[in-house]
Every structure is written in structure tokens, then in C-alpha cells.
Enquirer: 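Quick one: the structure is below, questions incoming.
Heavy-atom basis, side chains included; hydrogens, waters and symmetry copies ignored. Counting from 1, the numbers follow the sequence of the chain as shown.
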Amino acid sequence: MSSGLPEPWTVRFSKSKRREYFFHPETKQSQWEEPEGTDHQQLKQYLAEHPLRVRCLHLLIKHRDSRRPASHRSEHITLSKEEALQELAAYQQRLEQGERFEDLARERSDCSSFKRGGDLGHFAHGEMQPAFESVAFALPVGAVSAPVETDSGVHLIKRVA
Ligand SMILES: Cn1nc(-c2ccccc2)cc1C(=O)N[C@H](Cc1nc2ccccc2[nH]1)C(=O)O
């Protein structure tokens, strides 16, 4: 689907101003205003289907090969990746039985976001590890991912916005 922007303009999200801006990758020009020749309605439709940022909860189980094999739960994590995946499968079943994602993240996640029920807040492209980002942006709102492996460990991701 076309963005409605004249080539090669792109649209990005400014964290500091919390709004989209427009960037020309060849001239490196950036601006708040829609570039001349933008199809405004097409751009709005595009952004509705290609959000510049999403909001997700996640439940992370670290293992001995994680980038930082430690968390509030354990100073020295020795779980194997296979054992972490088995444990994550048990949490998937509990979700399927109706338990709340936030409750399970609080109970088990090795990410410091556990205290917020795994809520990472909103993030844009480029802020999270690529494997996590691609799954998070592909999830429909309200959906929970299959297990996702990153350098941090293995995750379940729930997109909430
Ligand atoms: C990306 N992030 N946000 C928070 C966070 C957010 C809101 C409130 C408190 C902490 C923690 C983290 C973070 O990197 N945590 C790491 C673990 C981790 N690695 C991740 C990789 C991708 C997404 C989330 C991830 N969380 C840690 O605690 O060792």
C-alpha cells in the first residue's frame, strides 16, 4: 500500500515531540509538515494500517545464554534455553485458560517491566531488538505471540495498542 507521500519521503515518529515527522532519505531533510504533493487521506489510511509505534506487554524468561543472565528473580540464571521454552509453554497454556497476561508477567517475567505487568509502554521502530520489534508490529491489537527468541531470552508478547 502507498503511503500517499511523494517518493522518496518517509514518515517517522519523534519520541521527543510524540508525533510523526517526515524525512527525505536522500537530502536528509526532515520537517513536521506533510511534503508538497502528499495525498492526505491516503497517508491517514496508511498510518492506520502501519502504526509508527505500538504498545506491548511481555513476559520474558531468561536462560543461561541470555545477554544478561540475571534479574530481580535470580542473580545467576542457569536455566537452559530448552527449559525456558518449556516454562514459557506452561504460561501460554495458563493464558489460554483465561489467566490475565499482566498477572503472569508480574509472577514470572525476568524483565524489570514485571512490576508493571510486563508493560513496555509505546515504542517505535528501532527501539527494540529486531526479532521482538517485527513480531510486535505484526501482532493485531489484543493478540499474544508465539514464543519469540531474542538475545535477552524467550518472550511472550501481547500487543495492547
Ligand atoms: C526494554 N525494556 N523496557 C523496560 C521497562 C519498561 C517499563 C518499565 C520498566 C522497565 C525494561 C527493558 C529491558 O530491556 N529489560 C531487560 C530485559 C529485556 N530485554 C528485552 C528485549 C526486547 C523487549 C523487552 C526486553 N526486556 C532487563 O530487565 O534485563
Side-chain angles (χ1 to χ4, degrees), residues 1 3 8-26 28 30 32 46-161:
M1 171 180 199
S3 66
W9 284 94
T10 63
V11 54
R12 295 181 171 183
F13 189 80
S14 162
K15 275 192 78 175
S16 59
K17 300 290 185 188
R18 300 161 69 92
R19 57 168 291 193
E20 71 259 3
Y21 70 94
F22 303 92
F23 178 70
H24 192 296
E26 290 163 13
K28 308 301 181 199
S30 60
W32 299 115
Y46 175 83
L47 290 174
E49 296 176 17
H50 303 80
L52 297 178
R53 56 182 195 151
V54 296
R55 180 178 177 183
C56 291
L57 315 179
H58 82 130
L59 190 164
L60 169 64
I61 298 183
K62 292 188 176 183
H63 49 76
R64 59 175 170 243
D65 300 319
S66 289
R67 179 187 292 176
R68 189 175 72 88
S71 73
H72 64 285
R73 303 181 82 253
S74 167
E75 282 184 12
H76 181 52
I77 293 171
T78 58
L79 211 58
S80 71
K81 186 165 88 170
E82 291 66 32
E83 288 164 333
L85 285 166
Q86 283 169 3
E87 201 175 337
L88 203 63
Y91 281 95
Q92 281 181 289
Q93 287 189 331
R94 291 174 64 182
L95 288 168
E96 286 156 13
Q97 288 158 7
E99 292 193 62
R100 292 177 68 244
F101 195 102
E102 295 87 334
D103 296 342
L104 299 183
R106 249 182 224 102
E107 172 185 304
R108 181 56 182 88
S109 186
D110 282 314
C111 175
S112 50
S113 60
F114 82 97
K115 44 186 174 281
R116 293 182 13 165
D119 190 354
L120 294 168
H122 285 90
F123 53 91
H125 290 283
E127 293 186 51
M128 298 293 175
Q129 291 178 50
F132 189 96
E133 172 186 314
S134 58
V135 171
F137 274 81
L139 280 173
V141 174
V144 176
S145 72
V148 176
E149 296 183 18
T150 70
D151 293 347
S152 297
V154 292
H155 312 246
L156 292 177
I157 306 169
K158 180 177 183 177
R159 182 175 166 198
V160 295

Enquirer: So do L85 and P147 actually touch side chain to side chain, heavy atoms under 4.5 Å?
Expert: yes
Enquirer: Mark yes when over 12 heavy atoms from residues, nucleotides or ligands other than E49 sit less than 6.0 Å from its CD; otherwise mark no.
Expert: yes
Enquirer: Would a 4.5 Å heavy-atom cut-off, applied to side chains only, mark L60 and F132 as touching?
Expert: no
Enquirer: Got a sec, which pairs hit ring pair (Phe, Tyr, Trp, His ring centres under 6.0 Å) with one end in residues 66-118, sequence neighbours left out?
Expert: H72-F114
Enquirer: E83: which residues meet the salt bridge (Lys or Arg N to Asp or Glu O under 4.0 Å) condition with it, sequence neighbours left out?
Expert: none
Enquirer: For the atom pair CD (Q86) and OG (S80), what is the distance rounded to the nearest 0.5 Å?
Expert: 7.0 Å
Enquirer: What is the distance from atom CZ of F137 to atom SG of C56, rounded to the nearest 0.5 Å?
Expert: 8.0 Å
Enquirer: Using side chain to side chain donor-acceptor pair (under 3.5 Å) as the criterion, point out the one residue from K62, R68, Q129 that pairs with S152.
Expert: Q129
Enquirer: For L95, which of V144, D103, L59 qualifies under side chain to side chain contact (heavy atoms under 4.5 Å, CB included)?
Expert: V144
Enquirer: Identify the heavy atoms of F123 and A136 that sit nearest to each other, and give their distance.
Expert: CZ-CB, 3.8 Å
Enquirer: When you compare the side chain of W32 with that of E20, does any pair of heavy atoms fall below 4.5 Å?
Expert: no
Enquirer: Checking the side chain of R53 only, and the main-chain atoms of A124 only, is there a donor and an acceptor separated by less than 3.5 Å?
Expert: no
Enquirer: With side-chain contact (heavy atoms from CB on, under 4.5 Å) as the test, would you mind laying out the steps for S3 and V11 before giving the verdict?
Expert: CA-CA 9 Å; S3 66; V11 54; 5.6 Å; no
Enquirer: Which pairs pass salt bridge (charged side-chain N to carboxylate O under 4.0 Å, His left out) with one or both residues in residues 147-161, sequence neighbours excluded?
Expert: R67-D151, K81-E149
Enquirer: If every non-hydrogen atom of P25 is compared with every non-hydrogen atom of P8, which pair is closest and at what distance?
Expert: CD-O, 3.2 Å
Enquirer: Locate the shortest heavy-atom distance separating I61 from A84; write the atom from each residue and the value.
Expert: CG2-CB, 3.6 Å
Enquirer: To the nearest 0.5 angstrom, please state how far the OG atom of S66 sits from the CZ atom of R64.
Expert: 11.0 Å
Enquirer: Yes or no on side-chain contact (heavy atoms from CB on, under 4.5 Å) for H63 and E82, after CA distance, side-chain angles and deciding distance?
Expert: CA-CA 9 Å; H63 49 76; E82 291 66 32; over 6 Å; no
Enquirer: To the nearest 0.5 Å, how far apart are CD1 in I157 and CG in L120?
Expert: 8.5 Å
Enquirer: Looking only at atom types and distance, does a side-chain atom of E133 sit under 3.5 Å from a main-chain N or O of G126, one as donor and one as acceptor?
Expert: yes
Enquirer: Taking atom CZ as the centre, does R19 end up with more than 12 heavy-atom neighbours from other residues, nucleotides or ligands that are less than 6.0 angstrom away?
Expert: yes
Enquirer: Mind checking side chain to side chain donor-acceptor pair (under 3.5 Å) for E96 and listing every partner two or more places apart, or none if nothing turns up?
Expert: none
Enquirer: So, H155 versus S145: side-chain donor-acceptor pair below 3.5 Å or not?
Expert: no
Enquirer: Tell me if a side-chain donor or acceptor on S113 pairs with a main-chain N or O of D119 at a distance below 3.5 Å.
Expert: no
Enquirer: Taking all non-hydrogen atoms of both residues into account, name the closest pair between A146 and L156 and its distance.
Expert: C-CD2, 4.1 Å
Enquirer: Step through it carefully: locate the ring centre of H122, locate the ring centre of F13, and say whether they are under 6.0 Å apart.
Expert: no
Enquirer: Would you check, one step at a time, whether the test side-chain contact (heavy atoms from CB on, under 4.5 Å) holds for R12 with H125?
Expert: CA-CA 9 Å; R12 295 181 171 183; H125 290 283; over 6 Å; no
Enquirer: Not counting sequence neighbours, which residues clear side chain to side chain donor-acceptor pair (under 3.5 Å) with D65? List them please.
Expert: none
Enquirer: Are any non-hydrogen side-chain atoms of W9 and H24 less than 4.5 angstrom apart?
Expert: yes
Enquirer: Please test M128 against T150 for side-chain contact (heavy atoms from CB on, under 4.5 Å), starting from the C-alpha separation and ending with a verdict.
Expert: CA-CA 10 Å; M128 298 293 175; T150 70; over 6 Å; no
Enquirer: Applying side chain to side chain donor-acceptor pair (under 3.5 Å), name anything that partners R106, two or more places apart in sequence or on another chain.
Expert: none
